[in-house]
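Quick notes on the structure that follows.
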Amino acid sequence: MAEGLKTRQWGVVMALLSALLYIVAPNVNATSQKNDTRPASLDELHIITNTQLHSTKSSIASLASILQQHKKINFWNLTKKQTLTSVELGHFSEQTRKSKQSPFSSPNKKSLFDLFSFISKQEKQQKTVRHIFIVFDEHSPVPILTNKEYNSISPLIKRFQENNISISTIHLGSTSSAKNFHLHALTIATNGRYQSIANIEKLEKEFLNLISFSLKLNYLPFHDNLVRIDNNTDKISFLLFGTNKNLPIQFIPPQEEKFNQYNYPDNVHWLQEKNFEIIHIDKPEKGTWQIDAQSHPMDKAIISSAFQVEINSIPLQLFPHSAQTLSIKLTQENKHITAPKILDHVVIKVTMLSTQGTEQTWFPMDNGRNGDKQADDGIYGVQLSDALLAGQYHLKIDVDGHLFQRQINTSLNVVTKPFEFFILLSEDASQHTITVVPYAKLIHAETTTITASITSASGKQKEIRLNRKNNFEWQLALDNTPELSPYVVELNIATITYKGKSLSIWLDPMTVGQKPTQIRKTVTHKHHDLIDHDNSITSADTLIENNKGSILSSDEKIESTPLVWITPEIQFVLINFLLLMLILITFHFWSRYDKKWIYKLRGMLSYD
């Protein structure tokens with residue numbers, strides 16, 4: 001992830017976000033996440049970015065143009081004055097040109113807090129599922145959240161939790177250690193996802209994956225660049241990567257004439273970008289289409305259709321070895337399909353791929369066994385493996401019928417502990433603050449008690465209970481003084497999971513505080529490799545040690561400094577060692593030319 005970003009690449013990155021903010025605007029019905037298999041088309045998505053590069057915003061907008069065909073999307077940009085500006089839609093359809101109204105009459109005068117407040121007050125619309133995606137550009141001079149705004153937004157998180165409103169963050173930049181603490185905490189508290197993306201090319205390829213994990217879009221699978229389109233398909237959007245600019249992409253419909261970007265029919269909208277191409281087709285012809293282009297594993301075909309596959313809500317976070325049931329059903333115009341003449345020809349395949357490359361496969365059945373709740377009810381169920389280890393898993397659900405195909409992609413994250421903790425040094429360097437944020441969907445916050453066993457530099461020991469703050473944080477402040485710092489801290493979390501299981505977790509002891517200057521001199525500009533990304537976020541000049549290593553984090557670039565470890569004792573040993581080597585080498589060369597010295601030496605040593 002630590003790849004350097006070239007200026008031009010960042011220009012494209014910013015164009016990408018602008019486009020993302022530029023393409024989608026608010027307007028659609030909603031549905032509740034509380035329904036077991038809610039219609040995915042009724043989600044509402046807010047995308048917020050702090051980037052100031054127009055090229056990045058326009059590039060992301062291009063990718064978002066795919067989503068605007070299927071979702072209600074609102075785009076927002078934070079300006080240099082910390083105001084929030086609504087960005088209008090793109091140019092791909094008449095509907096988007098007509099949908100330019102913002103929730104605010106004067107959006108350029110509103111802040112991020114106002115937007116969050118507005119979203120939280122929409123809870124009466126119980127059928128709407130809302131998602132907030134924040135694209136945080138680390139090279140932007142505008143922070144997404146200041147301390148003041150974070151403190152004002154935090155009380156709203158409880159309402160977000162109650163109404164299934166999630167916040168996910170995409171950290172855009174090469175400095176993977178520079179995670180934004182505020183955004184990371186909000187993400188964990190709302191059951192969202194925090195993802196680091198090094199550069200614009202990776203963001204382009206992963207953007208739709210990251211969003212579709214939450215929105216559960218309906219795709220059509222690619223098989224050797226062939227796509228089967230059924231007569232229930234209203235629109236289809238192709239995203240194609242790795243195209244050869246010297247060989248134009250050609251679409252070959254079943255009956256109609258083939259077309260490319262230089263000559264295409266009126267129902268086709270074609271957008272070319274540097275690294276990808278987007279093709280929207282309204283009311284595509286039924287049958288098997290062929291795409292004459294170089295195949296790429298990230299190519300996608302997203303459809304808008306009254307005939308859809310829907311799945312139950314899957315927690316993003318799970319405990320290891322915890323069973324999870326997946327339920328799948330077919331709907332048409334949001335009505336559950338139970339007709340045997342359709343379902344008798346349906347085959348469903350679920351593939352789960354781990355980040356380590358291992359793969360598992362299931363074939364859900366409607367037989368009342370292996371995770372299926374009731375036989376012959378038109379809902380296919382399967383219990384996923386209960387032996388999952390910690391890590392991220394990608395789920396792909398393929399549904400193949402007699403006259404149709406559908407695919408859904410989502411993911412889950414298996415965690416070893418139901419919380420994350422952060423350690424920060426205050427701006428005036430007077431205090432270290434330990435903050436613990438639980439994963440909202442794993443434990444009951446009301447049942448949680450967190451205590452810390454603390455040993456100061458003077459050897460004094462004490463036990464302190466952390467204070468609960470802002471409905472989703474527990475905090476402990478430690479004075480940063482030469483007499484007390486550094487501290488050795490051991491945290492204990494006692495809680496109850498949502499399934500009623502009692503947990504008592506002890507973290508390994510960690511050192512919190514400042515270390516001697518001489519030790520700090522050994523840290524070079526490669527220090528980022530030592531950072532425990534999941535458990536540590538520090539401000540300037542804070543040194544933290546735990547069982548995974550020690551880190552020194554600074555907002556400024558750290559210059560390499562010489563090692564200071566050659567003491568006088570070590571110098572004495574080195575000098576004597578070099579003298580001994582010199583003597584041995586001299587004897588070696590002398591012996592090659594005059595071996596008589598050996599007998600003379602023996603005579604001298606045997607003299608008594």
Side-chain angles (χ1 to χ4, degrees), residues 32-40 43 129 131 161 164 166 168 187-195 209-210 212-218 309-330 348-375 377-399 406-420 438-444 495-503 505 534:
S32 172
Q33 208 173 28
K34 296 178 182 178
N35 294 336
D36 191 39
T37 52
R38 55 178 177 71
D43 290 65
V129 181
H131 308 271
Q161 294 171 342
N164 294 306
S166 67
S168 292
T187 295
I188 295 167
T190 58
N191 199 41
R193 174 183 295 275
Y194 194 105
Q195 184 76 37
N209 275 346
L210 295 172
S212 62
F213 288 159
S214 297
L215 302 187
K216 299 169 186 170
L217 302 171
N218 272 227
V309 172
E310 298 177 10
I311 65 174
N312 61 309
S313 297
I314 301 176
L316 180 60
Q317 281 85 24
L318 295 173
F319 285 114
H321 309 292
S322 60
Q324 175 62 40
T325 299
L326 180 65
S327 298
I328 305 160
K329 72 179 182 182
L330 300 176
I348 301 178
K349 178 182 178 181
V350 177
T351 305
M352 183 166 65
L353 182 66
S354 72
T355 51
Q356 291 77 29
T358 59
E359 185 174 295
Q360 297 184 62
T361 303
W362 297 269
F363 293 90
M365 305 292 289
D366 185 14
N367 57 8
R369 298 195 296 269
N370 191 32
D372 184 52
K373 293 181 180 180
Q374 182 178 341
D377 63 349
I379 299 178
Y380 297 74
V382 65
Q383 180 174 299
L384 303 179
S385 174
D386 59 357
L388 298 179
L389 302 177
Q392 291 186 351
Y393 296 85
H394 181 164
L395 279 176
K396 182 174 69 174
I397 300 102
D398 285 295
V399 180
R406 295 291 186 273
Q407 185 183 91
I408 289 182
N409 294 276
T410 186
S411 69
L412 53 87
N413 185 35
V414 180
V415 299
T416 55
K417 55 184 182 297
F419 56 86
E420 295 287 352
Y439 286 105
K441 297 296 182 181
L442 292 181
I443 65 174
H444 283 288
T495 188
I496 298 177
T497 70
Y498 266 98
K499 294 188 176 181
K501 180 180 179 181
S502 297
L503 287 182
I505 303 174
D534 292 329

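Basis for what follows: all heavy atoms, side chains included, without hydrogens, waters or symmetry-related copies.
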For I348 and Y380, work out which heavy atoms get closest and say how close.
CD1-CG, 3.5 Å

So do L395 and L412 actually touch side chain to side chain, heavy atoms under 4.5 Å?
yes

Over all heavy atoms of both residues, which pair between Y439 and F419 is shortest? Give the atoms and the distance, please.
CD1-N, 3.5 Å

Report the C-alpha distance between Q360 and Y393 in whole Å, list the side-chain angles of each, state the deciding distance to 0.1 Å, and finish with yes or no for side-chain hydrogen bond (donor to acceptor under 3.5 Å, both in side chains).
CA-CA 10 Å; Q360 297 184 62; Y393 296 85; over 6 Å; no

Do side-chain atoms of Q161 reach the backbone of A189 as a donor and acceptor pair under 3.5 angstrom?
yes

Could you tell me which non-hydrogen atom of A440 sits nearest to which non-hydrogen atom of Y498, and how far apart they are?
O-CE1, 3.1 Å

Check whether any side-chain heavy atom of H321 sits under 4.5 Å from a side-chain heavy atom of L389, and report yes or no.
yes

OG1/T355 to NE2/H394 distance, rounded to the nearest 0.5 angstrom?
12.5 Å

Quick one: does T325's side chain get under 4.5 Å of L384's, heavy atoms only?
no

Here the pair of heavy atoms bringing N413 nearest to G391 is OD1-O, 3.3 Å

So how far is it from L353 CG to K396 NZ, rounded to the nearest 0.5 Å?
9.0 Å

When rounded to the nearest 0.5 Å, the distance separating OG1 of T351 from NZ of K349 is 4.5 Å

Atom pair CG/OG1 of L442 and T495 - distance to nearest 0.5 Å:
10.0 Å

State, to 0.1 Å, how close I311 and I328 come at their nearest heavy-atom pair, and which atoms those are.
CG2-CG1, 4.0 Å

N164 side, atom CG; N191 side, atom CG - distance, nearest 0.5 Å:
9.0 Å

Is the closest side-chain donor-acceptor distance between R193 and S411 under 3.5 Å?
yes

Heavy-atom pair with the smallest gap, counting every atom of P438 and I188:
O-CG2, 3.5 Å

Answer yes or no: is there a donor N or O on one side and an acceptor on the other, between the side chain of N312 and the main chain of S327, under 3.5 Å?
yes

Treating N367 as the side-chain partner and D372 as the backbone partner, does any N or O pair qualify as donor plus acceptor under 3.5 Å?
no

Under 3.5 Å, is there a donor-acceptor pair between the D398 and Q407 side chains?
yes

Are S322 and L388 side-chain neighbours, meaning at least one heavy-atom pair lies under 4.5 Å?
no

Using 0.5 Å steps for rounding, measure from the CE atom of M352 to the CD1 atom of I397.
11.0 Å

Under a 4.5 Å cut-off applied to non-hydrogen side-chain atoms, are I408 and L217 in contact?
no

